[in-house]
Amino acid sequence: MVLLAEINTKVGSLPLKKPTMLASGIMDEDAGSMKRIIKCGAGAIVTKSIGLKPREGYPNPTLIELEYGILNAMGLPNPGIDNFGEEILKLKKSKTPIIGSIYGANSKEFIKLSQKMEDYGASAIELNLSCPHAKKYGLEVGSDPKLIKIITSSVKVNVNIPVFVKLSPNVTNISKLAKAAESGNADAIIAINTVKAMKIDLDLRRPILSNKIGGYSGQAIKPIGIRCIYEIAEHVNIPIIGVGGILTGEDAIEYMMAGASAVQIGVGIYYRELDIFNKINKEIEQWMDKHSYKKLSEIIGAAHL
Amino acid sequence: MVLLAEINTKVGSLPLKKPTMLASGIMDEDAGSMKRIIKCGAGAIVTKSIGLKPREGYPNPTLIELEYGILNAMGLPNPGIDNFGEEILKLKKSKTPIIGSIYGANSKEFIKLSQKMEDYGASAIELNLSCPHAKKYGLEVGSDPKLIKIITSSVKVNVNIPVFVKLSPNVTNISKLAKAAESGNADAIIAINTVKAMKIDLDLRRPILSNKIGGYSGQAIKPIGIRCIYEIAEHVNIPIIGVGGILTGEDAIEYMMAGASAVQIGVGIYYRELDIFNKINKEIEQWMDKHSYKKLSEIIGAAHL
Amino acid sequence: MNIPKITKILDIQNEAKNVKTITFKYPNKSKPGQFFMIWIPGVDEIPMSVSYLDKDIKEITFKKIGDATSALYKLKKGDRIGVRGPYGNGFQPKGKQVLFVGGGTGIATIAPAVEHTVKNKNKATVIIGAKTKDELFFEDRLKKCGAKILVSTDDGSKGFKGFVTDLAQDILKKENIDSIMTCGPEQMMKTLLTYSNNIYFQASLERYMKCALGICGQCCIGEGLRVCMDGPIFDGETLKNVTDFGVYRRDSAGRKVRF
Amino acid sequence: MNIPKITKILDIQNEAKNVKTITFKYPNKSKPGQFFMIWIPGVDEIPMSVSYLDKDIKEITFKKIGDATSALYKLKKGDRIGVRGPYGNGFQPKGKQVLFVGGGTGIATIAPAVEHTVKNKNKATVIIGAKTKDELFFEDRLKKCGAKILVSTDDGSKGFKGFVTDLAQDILKKENIDSIMTCGPEQMMKTLLTYSNNIYFQASLERYMKCALGICGQCCIGEGLRVCMDGPIFDGETLKNVTDFGVYRRDSAGRKVRF
Ligand SMILES: Cc1cc2nc3c(=O)[nH]c(=O)nc-3n(C[C@H](O)[C@H](O)[C@H](O)COP(=O)(O)OP(=O)(O)OC[C@H]3O[C@@H](n4cnc5c(N)ncnc54)[C@H](O)[C@@H]3O)c2cc1C
Ligand SMILES: Cc1cc2nc3c(=O)[nH]c(=O)nc-3n(C[C@H](O)[C@H](O)[C@H](O)COP(=O)(O)OP(=O)(O)OC[C@H]3O[C@@H](n4cnc5c(N)ncnc54)[C@H](O)[C@@H]3O)c2cc1C
Ligand SMILES: Cc1cc2nc3c(=O)[nH]c(=O)nc-3n(C[C@H](O)[C@H](O)[C@H](O)COP(=O)(O)O)c2cc1C
Ligand SMILES: Cc1cc2nc3c(=O)[nH]c(=O)nc-3n(C[C@H](O)[C@H](O)[C@H](O)COP(=O)(O)O)c2cc1C
Ligand code: FES
Ligand code: FES
């Protein structure tokens with residue numbers, strides 16, 4: 001059967017052939033991995049969050065599978081921005097947008113990182129203001145509307161590519177933070193990063209992750225992500241990218257109805273193989289055909305009455 | 001086989017024969033239901049959250065079952081404190097502690113409600129400062145440390161029974177709020193209330209719950225609850241009661257290792273029948289026997305290295 | 001997952017004054033006496049007994065009495081409703097000869113059980129009670145299935161004039177009834193229970209329902225019996241110990257409302 | 001769930017200088033060439049090949065080289081470790097006559113595959129290579145199973161003096177080998193691959209691992225081949241297209257480290 005629906009979309013000025021992007025931190029530390037994911041049908045790639053200096057991350061265990069999701073505290077391991085250039089440069093010929101995710105402790109760091117990402121050829125910048133378990137770099141900056149606004153606007157004036165802001169659900173009021181990003185001229189909001197959580201080993205009477213607290217992703221957090229997107233969409237006028245527990249085409253559509261212009265997929269690759277991008281793209285098309293939708297624009301934000 | 005472990009516990013000055021309490025809002029709006037749960041082995045009963053005036057709650061749908069948990073937005077329906085007296089009075093002869101849960105918009109309301117609960121014979125008060133979906137009554141009061149401290153301390157000086165404070169996970173820093181409750185002389189902290197979440201119906205393109213946003217409970221939120229208890233335990237010196245996704249004896253033990261002196265069970269009754277209290281009590285005893293623990297005090301807080 | 005499944009209304013029938021039947025596709029095993037939660041989007045979600053059941057198709061029959069039922073009443077063929085369920089336990093008559101007593105819309109709840117009884121080669125006597133002739137329905141349908149039908153109206157506009165319970169008492173004396181199955185106003189059912197003596201008795205109760213999953217406690221009677229889950233059908237022995245039976249129900253806030 | 005299962009150390013054997021084998025209960029189906037993540041609580045969690053497998057009992061054999069292996073080295077019988085897995089694909093030799101080449105601790109990874117090959121009535125020739133005599137292990141064990149064992153040491157303190165690859169090249173000329181299975185230093189394996197011609201070739205790779213579930217991307221080589229999941233064993237055809245094979249690995253931060 002020929003699928004009739006068109007699933008291209010755009011996030012602000014960034015057009016995407018497919019609405020399914022690779023989420024930051026998953027199979028995106030080197031050019032080879034990102035190439036493989038592009039072949040699997042991702043509409044865009046977000047790199048691992050990169051900082052100024054190389055960072056080893058926490059000792060293992062850093063990631064475990066819980067009953068209904070994945071718990072991780074990698075601790076933002078990354079080779080540092082200077083080593084990362086060659087990875088992005090290798091992807092130069094790819095027609096799939098590469099979005100450079102970066103983390104920092106203050107505006108100065110974010111500016112430097114985003115300028116380098118732009119130089120390397122990234123199509124957009126994703127400001128990770130939401131790592132739930134990295135001291136100094138995560139929620140410390142990502143839960144303060146003033147800091148969000150300052151960091152966003154200072155990056156904005158220093159680069160010419162779109163700037164996206166990734167938010168955490170571990171806050172009292174996520175739409176306030178989204179508004180802060182908007183007022184800092186962010187081009188889009190991404191939500192959600194992982195949810196702060198913990199697993200204790202009963203035999204050894206200790207948290208399993210070396211960092212004790214980790215970030216929860218996968219199926220279990222989808223209803224939290226949907227809620228965040230919905231709340232954000234009620235408060236901002238810039239595009240939103242939805243992420244958190246997307247495993248199927250219907251999950252992606254639910255996020256889009258909540259207000260997402262595109263979606264990201266993280267640990268879904270564990271549950272449905274790397275090919276999950278192709279699978280979900282197809283499922284979206286099939287669902288749209290069945291329900292007589294022709295374009296994603298008919299779906300995006302549809303649940304706001 | 002005779003079970004050797006003793007599972008009695010205490011929450012501050014309140015002794016409990018069994019560590020499993022009924023969580024607020026589940027089968028606890030009338031004396032008959034609470035009696036039935038007592039017969040099922042609960043160590044204590046927390047009543048539905050009661051306010052000054054009768055409240056109908058939101059229109060249906062108010063509760064649905066998701067893949068890995070329950071989503072609800074009842075809207076705090078309750079008959080009002082004056083109608084509730086007879087329900088508690090009917091339980092006067094019960095040896096199981098009845099804890100009166102109350103909600104209000106300010107200290108004055110909380111004081112009035114707790115005095116009435118005390119008059120009716122409640123063994124303790126649970127201040128619900130954490131309903132995620134009731135405007136004016138929930139997070140508006142429950143996410144501000146100053147308000148938490150004021151409300152807690154003003155209730156404390158007006159009643160002679162223990163006062164517990166129930167906190168929400170939908171905040172940036174739950175331990176700050178727990179500390180505020182402690183500094184208001186709370187006798188214990190209860191965590192967690194439900195996690196803000198949403199489910200959208202794809203066919204009708206609308207949130208299913210009439211209130212749109214609801215509170216997520218059940219299995220999926222357990223890792224979030226464990227993390228909250230662990231964080232709170234690192235910051236306060238008063239007892240903690242753990243709640244959120246407890247379905248088995250091992251779940252309860254995980255909460256206790258994280259720092260809970262007792263646990264509450266909510267939607268577990270859906271997954272394992274009303275008898276879940278007896279089942280979990282027995283599972284705790286069996287686990288303790290197998291692992292050579294004699295008393296819960298050897299387990300409570302054990303995961304703090 | 002237990003969320004409403006969206007389905008299209010296939011057909012609508014007028015049954016009596018302010019009473020309609022809605023037919024919809026809902027492939028699912030259901031038993032007579034069980035109920036669905038019917039979601040009228042943007043309005044409410046309310047419990048409704050299955051009034052006709054088939055492998056793929058189900059029906060509900062309801063009276064327009066308030067917001068939700070009025071909205072339901074206005075829906076047209078092709079409109080969409082949400083359905084979840086079936087919930088509850090269902091009727092389980094004992095013996096060969098069953099007396100069914102339906103008061104008001106209670107007959108909607110009872111009808112599938114009548115047909116089921118006849119299909120199982122047992123004898124069914126049905127008393128349909130209503131205030132007045134215009135409110136009667138399902139007489140023809142149940143006659144067609146082979147049940148013996150008796151009608152009573154409070155005003156005598158059709159059939160026996162007076163309370164359905166009086167007519168029932170009469171039948172109980174004359175016929176050799178093994179079980180009584182009833183649905184209708186609670187005081188009617190309570191009176192019927194006092195008439196039942198030792199005959200096996202089951203009554204279907206209505207209580208305000210929110211979750212329908214046995215969690216919220218909204219629908220509880222007696223010592224924590226959940227009408228949505230332990231019921232909606234309870235036997236006489238159980239109901240004798242339920243002090244609220246026929247005395248009060250609770251409104252949406254949990255306040256007692258006397259019948 | 002995929003979390004470490006806590007198990008007690010049943011036995012500990014000294015194998016060679018700084019090399020020990022730890023025996024523990026872990027009822028689970030594993031295949032030769034697969035690996036576990038071994039949690040040394042409070043220290044680290046590291047990948048370790050299964051060096052012996054039985055329905056209920058498993059063993060790992062490791063060399064003390066850093067923090068985690070030193071902590072593991074210090075553990076006593078009865079101490080507890082966490083184990084998750086097995087992960088990865090396992091060896092799959094083709095044909096009747098298999099050449100195994102193990103360099104350093106690589107022999108630990110290879111041993112179960114050798115035994116499995118012999119058990120399946122195929123012929124196994126094993127070359128065990130080490131820097132010096134003191135570092136050799138599993139010679140007796142593998143002899144006992146019926147494999148033909150050859151030893152090489154860099155310093156000639158035992159067996160053939162020189163590179164294990166030279167010895168292998170010799171065998172490849174003399175014997176009619178159907179597959180080559182290897183584990184050891186990557187440059188050794190790469191050299192072996194160039195010697196292999198058209199003989200079916202599989203090499204077990206080691207990369208820094210974090211999740212072991214194919215999620216984090218830490219262990220990737222080539223175009224996104226996950227050593228933890230698509231490997232750790234890759235065939236020659238695949239490795240010929242992996243430009244990093246034998247050239248560099250990545251450290252915990254993802255920086256390239258040349259071999
Ligand atoms: C198990 C069960 C099966 C039922 N089956 C049928 C049936 O087959 N046909 C039929 O006509 N009616 C049936 N009812 C009654 C039906 O649910 C109510 O008539 C309907 O909910 C009224 O809604 P409303 O908004 O139109 O009225 P409102 O004006 O909102 O309320 C009128 C009265 O309806 C009742 N009611 C309202 N909402 C609910 C609710 N969520 N749960 C229970 N009662 C409610 C209350 O008693 C209320 O006082 C059943 C009820 C139950 C509990
Ligand atoms: C699939 C696989 C199977 C292995 N099987 C065996 C075996 O059977 N016997 C054996 O002795 N060794 C084996 N290793 C190597 C073993 O994992 C490392 O020797 C061990 O991790 C060293 O840890 P350390 O803390 O003692 O050393 P460190 O001083 O921390 O590190 C020394 C070196 O060990 C490696 N290493 C450290 N941590 C890891 C990690 N998490 N993942 C991968 N490499 C790491 C790095 O190359 C590092 O440079 C295997 C590795 C892999 C990937
Ligand atoms: C192993 C792992 C590493 C991650 N690393 C990052 C990161 O570096 N930067 C970031 O913004 N988010 C990171 N995340 C969060 C994901 O991008 C995503 O927001 C989250 O996992 C929820 O999506 P999912 O449920 O589809 O995985 C990471 C998640 C996982 C599981
Ligand atoms: C239907 C329902 C109603 C609830 N009502 C209340 C309430 O009135 N007051 C309150 O403090 N918590 C209320 N809660 C939250 C629970 O007490 C509990 O904190 C939460 O459900 C997590 O525990 P669980 O996963 O065991 O259900 C309610 C939860 C549910 C599911
Ligand atoms: S309606 Fe919630 S328990 Fe019955
Ligand atoms: S270790 Fe994470 S992908 Fe292999």
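For clarity, every value in this text was computed on a predicted model and none was experimentally measured.
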**Asked** R80(D) versus chain A, heavy atoms under 4.5 Å apart: side chain, backbone, both or neither?
**Response**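 The side chain, not the backbone.
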
**Proximal component of L225(D), with respect to chain A [non-hydrogen, under 4.5 Å]** = both

Tell me, yes or no, whether the heavy-atom count around [X] atom [atom1], taken from other residues, nucleotides or ligands under 6.0 Å, exceeds 12.
{"X": "K112(A)", "atom1": "NZ", "value": "no"}
{"X": "K90(A)", "atom1": "NZ", "value": "yes"}
{"X": "K256(D)", "atom1": "NZ", "value": "yes"}
{"X": "K17(D)", "atom1": "NZ", "value": "no"}
{"X": "E67(A)", "atom1": "CD", "value": "yes"}
{"X": "K279(A)", "atom1": "NZ", "value": "yes"}
{"X": "K77(D)", "atom1": "NZ", "value": "no"}

**Asked** Any side-chain heavy atom of R84(D) sitting closer than 4.5 Å to one from E65(A)?
**Response**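 Side-chain contact under 4.5 Å: no.
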
**Check against side-chain contact (heavy atoms from CB on, under 4.5 Å), M27(A) and Q218(D)** = CA-CA 7 Å; M27(A) 292 278 291; Q218(D) 174 69 43; over 6 Å; no

Contact leader toward chain D among [options], where contacts are heavy-atom pairs under 4.5 Å:
{"options": "E87(A), K199(A), K48(A), M34(A)", "answer": "E87(A)"}
{"options": "G57(A), P61(A), G80(A)", "answer": "P61(A)"}
{"options": "L204(A), D28(A), L202(A)", "answer": "L204(A)"}
{"options": "V267(A), N78(A), N83(A), I269(A)", "answer": "N78(A)"}

**Request:** Decide, yes or no, whether a salt bridge links K8(D) with D203(A) under the criterion of side-chain N to carboxylate O below 4.0 Å.
**Result:** no

**Message:** One thing to verify: whether E223(D) and K39(A) come together as a salt bridge, which I'm taking to mean a side-chain N less than 4.0 angstrom from a carboxylate O.
**Reply:** yes

To the nearest 0.5 Å, what is the distance between [atom1] ([X]) and [atom2] ([Y])?
{"X": "E273(A)", "Y": "M229(D)", "atom1": "CD", "atom2": "CE", "value": "6.0 Å"}
{"X": "N72(A)", "Y": "C216(D)", "atom1": "CG", "atom2": "SG", "value": "9.0 Å"}
{"X": "D30(A)", "Y": "I221(D)", "atom1": "CG", "atom2": "CD1", "value": "10.0 Å"}
{"X": "I6(D)", "Y": "R205(A)", "atom1": "CD1", "atom2": "CZ", "value": "13.0 Å"}
{"X": "L63(A)", "Y": "M209(D)", "atom1": "CG", "atom2": "CE", "value": "13.5 Å"}
{"X": "Y270(A)", "Y": "L213(D)", "atom1": "OH", "atom2": "CG", "value": "4.5 Å"}

**Message:** Please find the pair of heavy atoms, one from S252(D) and one from P77(A), that lie closest to each other, and give the distance.
**Reply:**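 Nearest heavy atoms, S252(D) then P77(A): O-CB, 3.7 Å.
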
**Selection from C219(D), P41(D), G214(D), C211(D) maximising heavy-atom pairs under 4.5 Å formed with chain A** =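 Heavy-atom pairs under 4.5 Å are most numerous for P41(D).
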
**D44(D) side chain vs N60(A) backbone, donor-acceptor pair below 3.5 Å** = yes

**Request:** Could you walk me through whether N2(D) and I64(A) pass side-chain contact (heavy atoms from CB on, under 4.5 Å), step by step?
**Result:** CA-CA 6 Å; N2(D) 203 316; I64(A) 52 177; over 6 Å; no

**Asked** Does the salt bridge (Lys or Arg N to Asp or Glu O under 4.0 Å) test come out yes or no for R255(D) and E56(A), once each step is laid out?
**Response** CA-CA 9 Å; R255(D) 279 171 299 201; E56(A) 304 219 322; 3.7 Å; yes

